[in-house]
Amino acid sequence: MTRDAYDLIVIGGGPGGYVAAIRATQLGMSVACIDENAQLGGTCLRVGCIPSKALLESSRHYDQARHGFAPHGVLVGDVRLDLIAMHQRKSQIVKKLAGGIDGLFKQARVTRLQGRGRLTEPGRVLVVGLDGERSLAAKHVLIATGSRPAPLAGVALDGDRIGTSTEALAYSEVPKQLVVIGAGYIGLELGSVWSRLGAKVTVLEALDRILPGMDLDLARNAQQLFEKQGISFQLGARVENATVAKGKCMVRCSGAETLACSRVLVAVGRRANTEDLGLETVGISPDERGEIPVGDNFATSAPGVYAVGDCIRGPKLAHKASHEALACIDALAGRHAQVNYDTIPGVVYTHPEIASVGRTEQQLQEEGREYRSGVFLLQASGRARTLGETDGSVKILADAHTDRILGVHVLGPHAGDMIAEATAAMEFGASAEDLAHVCHAHPTLAESLGEAALAVHRRAIHLPAVR
Ligand SMILES: Cc1cc2nc3c(=O)[nH]c(=O)nc-3n(C[C@H](O)[C@H](O)[C@H](O)COP(=O)(O)OP(=O)(O)OC[C@H]3O[C@@H](n4cnc5c(N)ncnc54)[C@H](O)[C@@H]3O)c2cc1C
């Protein structure tokens, strides 16, 4: 039985919305969560983080089986690809996790409504579902409607040959040539997947570098490694249009030659889902990026209406959305809550992985902040040697006066796991000296963090200080 009034109505069942809904029930609120999809979990679970990581994992196994085992003395014969099985594995993972959220909702007594939600007046949400419309009342409304792939002028998506990450997660055959427009994390991850499976991948990027916003040294080193893996890059290439004729795509750019390919993946960022939400009826105006402006505790300009996740400012990341959701709901319940935007890690799940938290050197230079840098190269890591994965480095940036860690940037295997320690250290306001004192198990990749921390003070043991 569903009711007509709730303490909280959440619009959107992604990592922002579903986490908020569960947390609110823990704090004694009656909660309904509306999502238009049959599966909960949002972009992240259905067409984002999880399916992409499933394909990254599977494609890496395929690539390793073909090229990576011989140095270990493991000789394999005829390695073949079963793309259908790979996709089925991915879908099973998504299904299992989505079912898990359904279970959590039942356990927490969150009312789950499938349909589109729209504000009709302050404290009222209309749900348009498959079986009709319902108007619900709520003391508080949380908008967590997420984002969708940003469009690119001149490039008309046809939902098949010219598509976004959603299509690239489900290609039914390996494209002969794949052109990826955009060298951000989504383009690089999915470009890696299809390159490993046999596509000739070319990444076009309008800027003069890949991974804008991440540490420049790491991005340059990563680009070289991706090139060794067979991915081509054309930087400074501004795409003017892309067309399809007779199953062939043509991508025309200024600053680069016209490319013919079998598929185009447009990965030029994400755009907030803030249309058709009735925002105007409660006096909320999205900003020029289409995002909902929020103030303290994620309150919008409309009383009782809050917003978190990809539909507001900040990095479009699942853990950022969930963190904001928890802080928003705790604040609603009168608890102390905050999100520390200086310690939100970002990870690119290519091989090697690239992980960052805090400031980059470029940001510190722009801010005119004095800092010291400690770099450790994985070539000198015993663990990296045993893995056969010595490409990469760990860089720690610390305040020149207080030694407080301001940023950590890792390129290497399991960088996404290594960044957790750096994030925890920064969350607790650690100095490079503090991190250097942590006893790391040997032989682990995490030892590299300790060495990089020592390198900040020119005391690295296994490597002369690089700078
Ligand atoms: C290919 C890809 C890979 C990614 N990989 C990572 C990663 O590795 N790590 C990471 O942190 N992030 C990753 N992301 C980003 C991550 O998916 C998003 O940051 C995250 O999903 C945002 O969560 P959210 O709850 O704000 O919104 P979403 O997950 O987008 O959820 C919003 C939900 O609301 C629904 N909705 C929208 N409007 C309405 C409405 N009016 N009524 C009802 N329902 C509505 C949407 O359909 C959706 O289900 C990836 C994204 C993509 C596309």
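Residues take their numbers from the sequence shown, with the count starting at 1. As the structure lists them, so they are numbered: ligands from 1, and atoms in each ligand from 1.
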Please confirm whether [X] comes within less than 3.5 Å of ligand 1 when only nitrogen or oxygen atoms on both sides are compared.
X	value
Ser165	no
Leu317	yes
Arg270	no
Gly16	yes
Tyr349	no
Gly12	no
Tyr185	yes
Lys316	yes
Cys44	yes

| request: Would you indicate which of Val19, Thr43, Ile143 comes nearest to atom 30 (O) of ligand 1 when only heavy atoms are counted? | output: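 That would be Thr43.
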| task | Just go through Leu40, Leu113, Ile344, Thr145 and tell me whose heavy atom is the nearest to atom 39 (C) of ligand 1. | result |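 The option holding the nearest heavy atom is Thr145.
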With rounding to the nearest 0.5 angstrom, report the [atom1] to [atom2] distance, [X] to [Y].
X	Y	atom1	atom2	result
Leu265	Glu167	CG	CD	9.0 Å
Arg116	Leu126	CZ	CG	11.5 Å
His351	Leu188	NE2	CG	14.5 Å

So, [X] and [Y], do they make that salt bridge, N to O below 4.0 Å?
X	Y	result
Asp160	Arg263	yes
Lys395	Glu361	yes
Lys316	Glu291	yes
Glu205	Arg238	no

Which residue and non-hydrogen atom of the protein lie closest to [atom], and at what distance in Å?
atom	value
atom 36 (N) of ligand 1	Glu36 OE2, 3.4 Å
atom 10 (C) of ligand 1	Ala318 N, 3.5 Å
atom 35 (C) of ligand 1	Asp35 OD2, 3.4 Å
atom 19 (O) of ligand 1	Asp310 OD1, 2.9 Å
atom 43 (C) of ligand 1	Gly115 O, 3.3 Å
atom 13 (C) of ligand 1	Cys49 SG, 3.2 Å
atom 3 (C) of ligand 1	Gly48 C, 3.4 Å

| said: Could you check whether Arg60 makes a cation-pi contact with Tyr62, meaning its NZ or CZ is under 6.0 Å from the centre of the six-membered ring and within 45° of the ring axis? | reply: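 No; the conditions do not both hold, so Arg60 does not lie above the ring face of Tyr62.
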| field | Closest heavy-atom pair and its distance - Ser59, Met86 | value |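 Where Ser59 meets Met86 most closely, the heavy atoms are N-CE, 4.2 Å.
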I need the contact type for [X] against ligand 1. Using non-hydrogen atoms and a strict under-4.0 Å cut-off, is it side chain, backbone, both or neither?
X	value
Arg46	side chain
Ser147	backbone
Leu277	side chain
Ala321	side chain
Asn37	side chain

Atoms of ligand 1 less than 4.0 Å from [X] heavy atoms?
X	answer
Ser52	3 (C)
Lys53	5 (N), 6 (C), 7 (C), 8 (O)
Val47	1 (C), 53 (C)
Gly117	40 (C), 41 (N), 42 (N), 43 (C)
Gly309	26 (O)
Ile186	1 (C), 2 (C), 51 (C), 52 (C), 53 (C)

| field | Stepwise side-chain hydrogen bond (donor to acceptor under 3.5 Å, both in side chains) check, Glu189 with Thr350 | value | CA-CA 5 Å; Glu189 288 183 2; Thr350 46; over 6 Å; no
Side-chain donor/acceptor pairs under 3.5 Å, residues 90-98, sequence neighbours excluded:
| residue | atom | partner | partner atom | Å |
| --- | --- | --- | --- | --- |
| Lys90 | NZ | His87 | ND1 | 3.0 |
| Lys90 | NZ | Leu169 | O | 2.6 |
| Ser91 | OG | His87 | O | 3.0 |

| query | For Ser135 and Arg124, what are the C-alpha separation, side-chain angles and deciding distance, and is it a side-chain hydrogen bond (donor to acceptor under 3.5 Å, both in side chains)? | reply | CA-CA 7 Å; Ser135 177; Arg124 277 236 156 245; 2.9 Å; yes
